[in-house]
Each structure stands twice: as structure tokens, then as C-alpha cells.
Number of protein chains: 2
Amino acid sequence: MRASNTDALFRTLADSTRRQILDLLAERGCLSVGQLAAEFPDLVASGISKHLMGLRGAGLVSASRHGRKQIYRLEADTLVADLTPWLAKYERYWFAALERLRDLAEESTGTDRPTSRKNVRRTRSR
Amino acid sequence: MRASNTDALFRTLADSTRRQILDLLAERGCLSVGQLAAEFPDLVASGISKHLMGLRGAGLVSASRHGRKQIYRLEADTLVADLTPWLAKYERYWFAALERLRDLAEESTGTDRPTSRKNVRRTRSR
DNA sequence: CCAATATATTACCGTCTAGTAATACGTTAC
DNA sequence: GTAACGTATTACTAGACGGTAATATATTGG
């Protein structure tokens, strides 16, 4: 059972509490442990602290002391940099999905002739 | 400890064997359990079978019998569809990463005047 | 200094998980 | 039919994980 970097990244993300912490930091900027813990009434503060340690270990957040508070912030660069190599392997599927989205948008907004039959050719419209 | 859909997705992806299976199916198309198992000399065939059940449970692969062989194939649509909502939350960071990539490309290829004020911000040059 | 606050660490628990071996099941070959 | 094959399932084990409570460490206020 090798523990690759990607393993650790996905395992870190495979917990809704940790993902919510990332979401909160992304939405509201830097937050202290207490502020974060206040968002999880069902969890004890030390539990949040442990999750933050896990996120720090993965490099997804970083912390700096301010007085007796520890202020955490999202390390979005790490998130992107660590996830990109794996996502890139499925590049063509993402392109395909984007094209389908575009086709759907064209269809609904009518930027393309709505009378045309559905999507005979999905990979290029004129 | 809620077990959301996203939880299950990330947990399924948080195993290098399962990710390798997905990679193999993406590269080489449809494969039988035996063909897949042959790629993992350190694992027993039934272990691969169990991983495939997990992947099926997540909808990331599907199977069809051909004689006594079970042929598995990648369900890339599910992968993209299930991962997109979460990725979309960090949309702006992906854009930022793409821009940095573009800036880097411009800089190295010189498609833009290196002296231009294009990238006054964001990239500290020397 | 002392008390209160804010966070981290430790010990412990129940649960989940990846792995194996053994077994069962369905299919083809003889 | 029977044996061999391909895959799935079960039972089991060791280790990891999420959670709590209790304790420890550091910092501020009085």
C-alpha cells in the first residue's frame, strides 16, 4: 500500500469537515481556529484543530500566530498544483464535458439555430 | 460523520490501485479483470475484483459479461460530472493557475514583448 | 503571579478499510 | 458431465481514521 502524494491529497479531501474548512477559508479569507470551530457545532474544537493539522500536513492551509490566536489561510496554489497532474491525465474528458456544456448553452440560449437536429456532431459546429 | 457523495468519490480516488485501474482503462480502453490484475503483481486477483466493485459502486467504471470474462470500462462522464461541482467552487484559483501558466508560456516563448507592462502584477520577476 | 483564553497534543475508542486466503458461482472446454 | 477457468464473495486481520475527553503549552489581562 504505497502512500503517494496523490493518495494523501485525495485522502485529505475525502472528509467533508476538511472540505468545509477549505470552503470557509476560500469564502471568508483568513480565520482562526475558534472561528472555524464555531461553524461546526457538532464537533469539539480540538477535533477541528486536528483536521487543521491534517490540512497543514497536506499543505492545503498555512497558519500564522497573531497573539494567542492562530490564523489559518487557504493555500490554493498547493491545491491546484497537487491536483493538476492527476486531472491532466483525464484532460480529454474535461474538454469533452466543456464542449457538451457549450452545446447545451448554445441550444438553450438559441445562439445556434434551434431548428437544427440535436447534436449530430458534438465536436464542432460549423 | 456524514457520508456525502463527494466523500465517497474522494475516498474512492484516494487509493493508488484504484486510480491506476482508472488510468489503465483510460489508456487502453476496455479490459477484463484478469488483464487488470496482471498489471498488479503484488496483489491477488480477488483484491482487484474488490477494487473494481468499489469503482462500480462509485459509478466510475461499468462492466459487461463476455463469456466468462467480465469486461470493465471507464465511465468518464461520471468522473467529470461528480468532480465538477467541487472543482467549480475553486474556479477562480484554476483561472489564476491558467493565467500564470500563460504568463510563463509567453515569457519563455516571447510571444509577447518581455518588456511589456502586461504582467506588472502577479509575477515577481527577478 | 494568577486566571482565563486559544490552540495543540495525547490517549483511547469504535468504525472503516485494504489486504489475504478460502470458498462459491457461473461459463467454457474437453 | 466434469474439469478448468474467470470472477465474485466471505471471513478474517492489521492498520488507519474520526471522534471525544483530558491534558499540555503558550499568550493575554488583571
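Excluded from the calculations below are hydrogen atoms, water molecules and symmetry mates; all remaining heavy atoms, backbone and side chain alike, are included. Letters A, B, ... are given to chains in the order of the sequence lines, protein chains preceding strands, and every chain is numbered from 1.
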Over how many whole Å does the gap from [X] atom [atom1] to [N] atom [atom2] extend?
{"X": "A:Gln35", "N": "C:dT7", "atom1": "CD", "atom2": "P", "answer": "8 Å"}
{"X": "A:Gln70", "N": "D:dA26", "atom1": "CD", "atom2": "P", "answer": "12 Å"}
{"X": "B:Ile48", "N": "D:dT7", "atom1": "CD1", "atom2": "C1'", "answer": "12 Å"}
{"X": "A:Leu13", "N": "D:dC17", "atom1": "CG", "atom2": "P", "answer": "14 Å"}
{"X": "B:Leu36", "N": "D:dG6", "atom1": "CG", "atom2": "P", "answer": "14 Å"}
{"X": "B:Asp42", "N": "C:dG19", "atom1": "CG", "atom2": "C1'", "answer": "12 Å"}
{"X": "B:His51", "N": "D:dT9", "atom1": "NE2", "atom2": "C1'", "answer": "15 Å"}
{"X": "B:Ile21", "N": "C:dG19", "atom1": "CD1", "atom2": "P", "answer": "10 Å"}

How are the rings of A:Phe10 and B:Phe10 set to each other: parallel, tilted or perpendicular (split at 30° and 60°)?
-> tilted
Taking only the side-chain nitrogens and oxygens of [X], find out if one of them lies under 4.0 Å from OP1 or OP2 of [N].
{"X": "A:His66", "N": "C:dA6", "result": "no"}
{"X": "A:Arg11", "N": "D:dA16", "result": "no"}
{"X": "A:Ser46", "N": "D:dG19", "result": "no"}
{"X": "A:Tyr72", "N": "C:dA6", "result": "no"}

Looking just at side-chain N and O atoms, do B:Asp23 and A:Tyr90 make a donor-acceptor pair shorter than 3.5 Å?
->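 Side chains of B:Asp23 and A:Tyr90: pair found under 3.5 Å.
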Contact nearer the 5' end of DNA chain D, comparing A:Thr17 with B:Arg56 | B:Arg56
5' precedence on DNA chain D between A:Leu43 and A:Arg65 (nearest-nucleotide basis) | A:Leu43
Of the listed nucleotides [options], the one nearest the side chain of [X]:
{"X": "B:Val44", "options": "C:dT7, D:dT7, C:dA21", "answer": "C:dA21"}
{"X": "B:Lys50", "options": "D:dC5, D:dT10, D:dA8", "answer": "D:dT10"}
{"X": "B:Arg68", "options": "C:dA8, C:dA22, C:dT28", "answer": "C:dT28"}
{"X": "B:Asp15", "options": "C:dG19, D:dG6, D:dG18", "answer": "C:dG19"}

Cationic N near anionic O, under 4.0 Å, B:Arg28 to B:Glu39 | yes
Between A:Ser32 and A:Gln35, is there a donor-acceptor pair closer than 3.5 Å when you use the side chain of the first and the backbone of the second?
->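 Pair found, side chain donor or acceptor close to backbone of A:Gln35.
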Keeping the roles fixed (side chain from B:Arg56, backbone from B:Ser62), state whether a donor-acceptor pair exists under 3.5 Å.
-> no
